[in-house]
Amino acid sequence: MPELPEVETVRRGLAPAMEGKRILRVETRRKDLRFPFPENFNQRIEGAKLTLMGRRAKYLVAELSNGEALIMHLGMTGRFTVHGKTSGRFHHDAGGDEKHDHVVFEMQGGARVVFNDARRFGFMDLWPADSLETYAPFAGMGPEPISNEFSGAYLHAAFKGKKTPVKSALLDQNVVAGLGNIYVCEALFRSGISPKKLAGAIRRDKLEFLAVEVRKVIEEAILAGGSTISDYKSTGGELGYFQHAFRIYDREGEPCLACERPVKRIVQSGRSTFYCAACQK
DNA sequence: CCGCGATCCTGGGGGC
DNA sequence: TGCCCCCAGGATCGCG
């Protein structure tokens, strides 16, 4: 489920159950996800209070009272569910019984927060909270697309001289952080730019459009609670509904919403790209 | 520096 | 029903 809007939706779902609460106990049911859990993972977080549930790009960053930051990535299929008597929406069962439930956090206040990840591309890590900028994936990472730093001028500078297709450039987390395959396709369609166009060859005025559409599609998707693909559910079991607002993603062969010509699908750097050859130049 | 393919995993869907 | 192949929201690494 996880591009920026989905991760932000998860963050908002976890915050009421975890923020300001002590982590009473952590159950890790295997020694690794994508990577091994860090050394003494359980001991290092049990008993600590989770002071802030934050997010950077597609990473959840939970700051703990002991100075550690618990960094969590959902990979492709990672999902969190909140169980028990907590404020807000939650599952009324005990939780932790599903296939691929790998980690269970027992929180002060009674919530059980369960991490499930079928493909195990997700991971958890610990890093000093006061030097997150030195955490390898964050070093060199581009701005958030909904930040003031992100603009047409920024893209103009970031794309300067780049001979890579704009689709690949936007997927590069060091250019802009948090976009993935779906929202890149959507933003390129909305701004009328071909995914094959070389990043460095796009006119400045088009980059202004692109920056605006990237921001808009991400903001709209956050408001919709993210996109639900397959049977993804957010922390309380509710579905995001932005998938109904897809204008180009996963619409191969269907009529373009602007010109009615069939939507094309190509593969770029191993990922599907959906676009309209007539509307995107 | 760049694009590309392979890779880490499991599951769902379509074709036969 | 079963089997096989392809596909999937991510990200890294090695190769040419």
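Numbered from 1 within each chain, the chains take letters A, B, ... in sequence-line order.
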Presence of Lys163(A) side-chain N/O under 4.0 Å of dC2(B) phosphate oxygens OP1/OP2: no
Arg34(A) side chain vs Phe123(A) backbone, donor-acceptor pair below 3.5 Å: no
Is any side-chain heavy atom of Phe246(A) less than 4.5 Å from a side-chain heavy atom of Leu257(A)? no
For dC2(B) versus dG9(C), give the span between their C1' atoms, rounded off to a whole number of Å. 25 Å
Lys216(A)/Glu219(A) ion pair, N-O < 4.0 Å: no
Face-to-face stacking of Phe121(A) with dG10(C), centres under 5.5 angstrom, angle under 30°: yes
Between dT10(B) and Arg120(A), is there an OP1 or OP2 to side-chain N/O distance shorter than 4.0 Å? yes
Can you check the His102(A) NE2 to dC9(B) P distance for me, whole Å? 12 Å
Give a yes/no on whether any side-chain N or O of His100(A) is located under 4.0 angstrom from OP1 or OP2 of dG11(B). yes
Taking only N and O in the side chain of Thr164(A), is any of them less than 4.0 Å away from OP1 or OP2 of dC1(B)? no
Hey, does Gly270(A) reach any base, or is it just sugar-phosphate, or nothing, if we go heavy atoms under 4.0 Å? nothing
Nearest-Å distance, CZ (Phe80(A)) to P (dG9(C))? 21 Å
Give Ser168(A) one of three labels, base, sugar-phosphate or nothing, depending on what nucleic acid heavy atoms sit under 4.0 Å from its own. nothing
What integer distance in Å separates Asp250(A):CG from dG9(C):P? 9 Å
Could you check how far CD1 of Ile229(A) sits from C1' of dC7(C), rounded to whole Å? 12 Å
Answer yes or no: is there a donor N or O on one side and an acceptor on the other, between the side chain of Lys58(A) and the main chain of Leu179(A), under 3.5 Å? yes
Using the P atom in both, what is the distance from dC3(C) to dC8(B), to the nearest Å? 24 Å
Could you state the atom-to-atom distance from CZ of Phe123(A) to C1' of dG10(C) in whole Å? 9 Å
Mapping Gly161(A) and Val267(A) to their closest nucleotides on DNA chain B, which lands nearer the 5' end? Gly161(A)
Mind checking the P distance from dA11(C) to dG11(B)? Whole angstroms is fine. 22 Å
His73(A) side chain near dG10(C) phosphate (N/O to OP1/OP2, under 4.0 Å): no
Which part of the nucleic acid, if any, lies within contact of Phe246(A), taking any heavy atom under 4.0 Å across all strands shown: a base, the sugar-phosphate backbone alone, or nothing? nothing
Heavy-atom distance under 4.5 Å between the side chains of Phe121(A) and Thr77(A), does that happen here? no
Short side-chain N/O contact to dG10(C) OP1/OP2 from Gln173(A), under 4.0 Å: no
Would you kindly give the NZ-to-P distance between Lys58(A) and dT12(C), to the nearest whole Å? 10 Å
In whole Å, I'd like the distance from the CZ atom of Phe274(A) to the P atom of dC7(C). 10 Å
Looking at Tyr59(A), I'd like to know whether one of its side-chain N or O atoms comes within less than 4.0 Å of OP1 or OP2 on dG10(C). no
Let me know the distance between NZ of Lys99(A) and C1' of dT10(B), rounded to the nearest Å. 8 Å
Classify the side chain of Arg271(A) and the base of dA8(C) as holding, or not holding, a donor-acceptor pair under 3.5 Å. no
Contact class for Pro137(A) (heavy atom, under 4.0 Å): base, sugar-phosphate, or nothing? nothing
Side chain of Arg119(A): nearest nucleotide among dT10(B), dG9(C), dA11(C)? dT10(B)
Any non-hydrogen side-chain atom of Leu126(A) less than 4.5 Å from a side-chain atom of Leu70(A)? yes
Could you tell me which nucleotide pairs with dA11(C) by Watson-Crick or G-U wobble geometry, both distances under 3.5 Å, or answer none if nothing does? dT7(B)
Which pairs, with at least one residue in residues 177-193 of chain A and sequence neighbours excluded, count as a side chain to side chain donor-acceptor pair (under 3.5 Å)? Glu6(A)-Tyr183(A), Lys167(A)-Asn181(A), Tyr183(A)-Ser227(A), Arg190(A)-Glu220(A)
